[in-house]
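Here is the structure we will look at.
These figures come from a predicted structure and were not determined experimentally. Just so we're on the same page: letters track the sequence lines, and every chain starts at 1.
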Number of protein chains: 2
Amino acid sequence: MAVLDIQFTSHDCGSCPIRHRAVCARCDDDELARLEEIKYYRSFEPGQTLIWSGDHMDFVGSIVSGVATLSQTMEDGRTQMVGLLLPSDFVGRPGREQAAYDVTAVTDLTMCCFRRKPFEHLMETTPHVAQRLLQMTLDELDAAREWMLILGRKTAREKIASLLSIIGRRDASLGLGGPVGDEMVFDLPLTREAMADYLGLTLETVSRQVSALKKDGIIALEGKRRVRVPSYDALLAETGDDSDGGLMA
Amino acid sequence: MAVLDIQFTSHDCGSCPIRHRAVCARCDDDELARLEEIKYYRSFEPGQTLIWSGDHMDFVGSIVSGVATLSQTMEDGRTQMVGLLLPSDFVGRPGREQAAYDVTAVTDLTMCCFRRKPFEHLMETTPHVAQRLLQMTLDELDAAREWMLILGRKTAREKIASLLSIIGRRDASLGLGGPVGDEMVFDLPLTREAMADYLGLTLETVSRQVSALKKDGIIALEGKRRVRVPSYDALLAETGDDSDGGLMA
DNA sequence: TGTACCTGTTGATCTGGGTCAAGGCACCCC
DNA sequence: GGGGTGCCTTGACCCAGATCAACAGGTACA
């Protein structure tokens, strides 16, 4: 069976030896072949904006490796990040001609692209692709709504703690960091400015609150970017959420 | 042909005489009959919370008439609205057992419900239902991301102007208010407190900023709730967005 | 070796919006 | 009429976080 890079799931296919083989579990060889035909790769460097809001989009795609951000910028330069794209996340919107957001690589980035028109056609003729995309979109919607609570109602300290806990949790679920248990260690893929753009803060406030969390022993820094969380529960207690720490599935 | 209340669209079916007949355009009689079988209605009064976060969900549904809000509340009572549900909007998430948000009626409300399990089955066997739901979910995701910019980066005045412009635009597209042209008049379906919960403000700030916009001639109030906007462009200029006033499709 | 640049930290000060409090208006029920 | 009660407005004051500014590594390059 062919190996696909389309990352529609890393959960449904727990048994796959290759992480980013995804639709495979339900695709037949013919469908795989059709996906292979319209697929190509692109690589990007840190800081590179791969898609500008308003660009004509002739592809959709999926992050294979690296981290990218989805952001909106107002005329006067205020910017708000509206999504964090990690491996397996989908980029672009079927049916949309023009990009609505800027997509910027934060690290070295590899994307697996599919030509949009044939992909849309595939979606129409292959129901489970549309269904999988629906699940992913619903997940993103939940994440966006969780962010709305963070942006609208949390204090700066709670915002930072929430961001750290979300990145930690995602890293752990992708097998990147340590276990989700007590202690966890992970790399912050974002600069202070990017964190600020994500949280609706200024970079100075982010820096101060990170320092405060460090002083209070909630986190420890190993260099600027590597974060050690001695107790994930203690971090969660700083997020302001109830103790179960997230949406229920 | 049977008339459905499922409001998967009010755009695809512009030619339908009955607004909330939706999937009809692409459903055959057999599919319509299956939907009819699992469908029932529920009515609610203003202020009534029809779904509490954590409730077991045995249905999904669609707003037939009225306005409802989707909100999250933190342990200490801070609440953030994460969605405004108007006629044709979908309620619930296929595949989710427990509600993730509170749903509260703002006006008298009629909802058309479908039993969840058979609806999920229908989705699996009727691809264009899943595809339509995907489109709607993508639209909601865009709306949520627009809100993230509003919550994270806009001033109180810009937030109020944005809310008014969005409600005005949506009312106009549903044929409720006047034309989208220069002057428009519409009813605010929300209390000051609900507006505050939506915008991440306090009700006092909302009140002050509404008064300020009134003083500056951007809006006029006819009673507490009815809003007259002499110039929609002038209102848009207060939102901080670029002049085209919204996401591109 | 120097200087330029980038990222991050920290301090001093300012201010938009939060908080607390009083009061106004409309409506309802006794 | 009188007294609730719900919703809204306005005033006075305060504080979390923004703004402005200085400085400290790190590293790239001349």
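Between B:Leu213 atom CG and D:dT9 atom P there is a gap of 12 Å when expressed in whole angstrom units. In this structure, the CG atom of B:Leu188 is 13 Å from the C1' atom of D:dC7, given to the nearest Å. If you take CZ of A:Arg78 and P of D:dA18, they are 13 Å apart, rounded to a whole angstrom. Nucleotide D:dT10 holds its P atom 12 Å from the CD atom of B:Gln209, rounded to whole Å. Regarding A:Glu204, its CD atom lies at a distance of 10 Å from the P atom of D:dC20, rounded to whole Å. Rounded to whole Å, the distance from CZ on A:Arg208 to C1' on D:dA16 is 11 Å. Distance, A:Arg192 CZ to D:dG25 C1': 14 Å, rounded to whole Å. Regarding B:Leu203, its CG atom lies at a distance of 10 Å from the P atom of D:dT9, rounded to whole Å.
Among the nucleotides D:dG17, D:dT10, D:dT19, the one closest to the side chain of B:Ser211 is D:dT10.
Side chain to side chain, A:Thr202 and A:Thr205 meet the donor-acceptor criterion of an N or O pair below 3.5 Å. With no hydrogens or angles considered, no side-chain donor-acceptor pair links B:Thr49 and B:Asp102 at under 3.5 Å.
Figure legend: A:Arg145 and B:Tyr101 shown as a cation-pi pair, the cationic atom lying under 6.0 angstrom from the six-membered ring centre and within 45 degrees of its axis. In this structure, B:Arg42 satisfies the cation-pi test against B:Phe59, with its NZ or CZ atom closer than 6.0 Å to the six-membered ring centre and inside 45 degrees of the ring normal.
Contact check, B:Ser207 against D:dC8: no side-chain N or O comes under 4.0 Å of OP1 or OP2. A close approach under 4.0 Å does not occur between any side-chain nitrogen or oxygen of A:Arg157 and OP1 or OP2 of D:dA16.
Contact footprint of chain B on DNA chain C: nucleotides with an atom under 4.0 Å from a non-hydrogen protein atom, first to last in 5' to 3' order, C:dG17 to C:dC20.
Residue A:Thr191 is classed as a sugar-phosphate contact, given heavy-atom separations below 4.0 Å to backbone atoms only. Residue B:Gly200 is in sugar-phosphate contact alone, with no base atom involved, counting any heavy-atom pair closer than 4.0 Å across all strands shown.
In this structure, the side chain of B:Arg116 engages the main chain of B:Met57 through a donor-acceptor pair within 3.5 Å. The backbone N or O of B:Ser165 sits less than 3.5 Å from a side-chain atom of B:Tyr232, completing a donor-acceptor pair.
Between B:Asp142 and A:Arg96 a salt bridge is recorded (basic side-chain N to carboxylate O distance below 4.0 Å).
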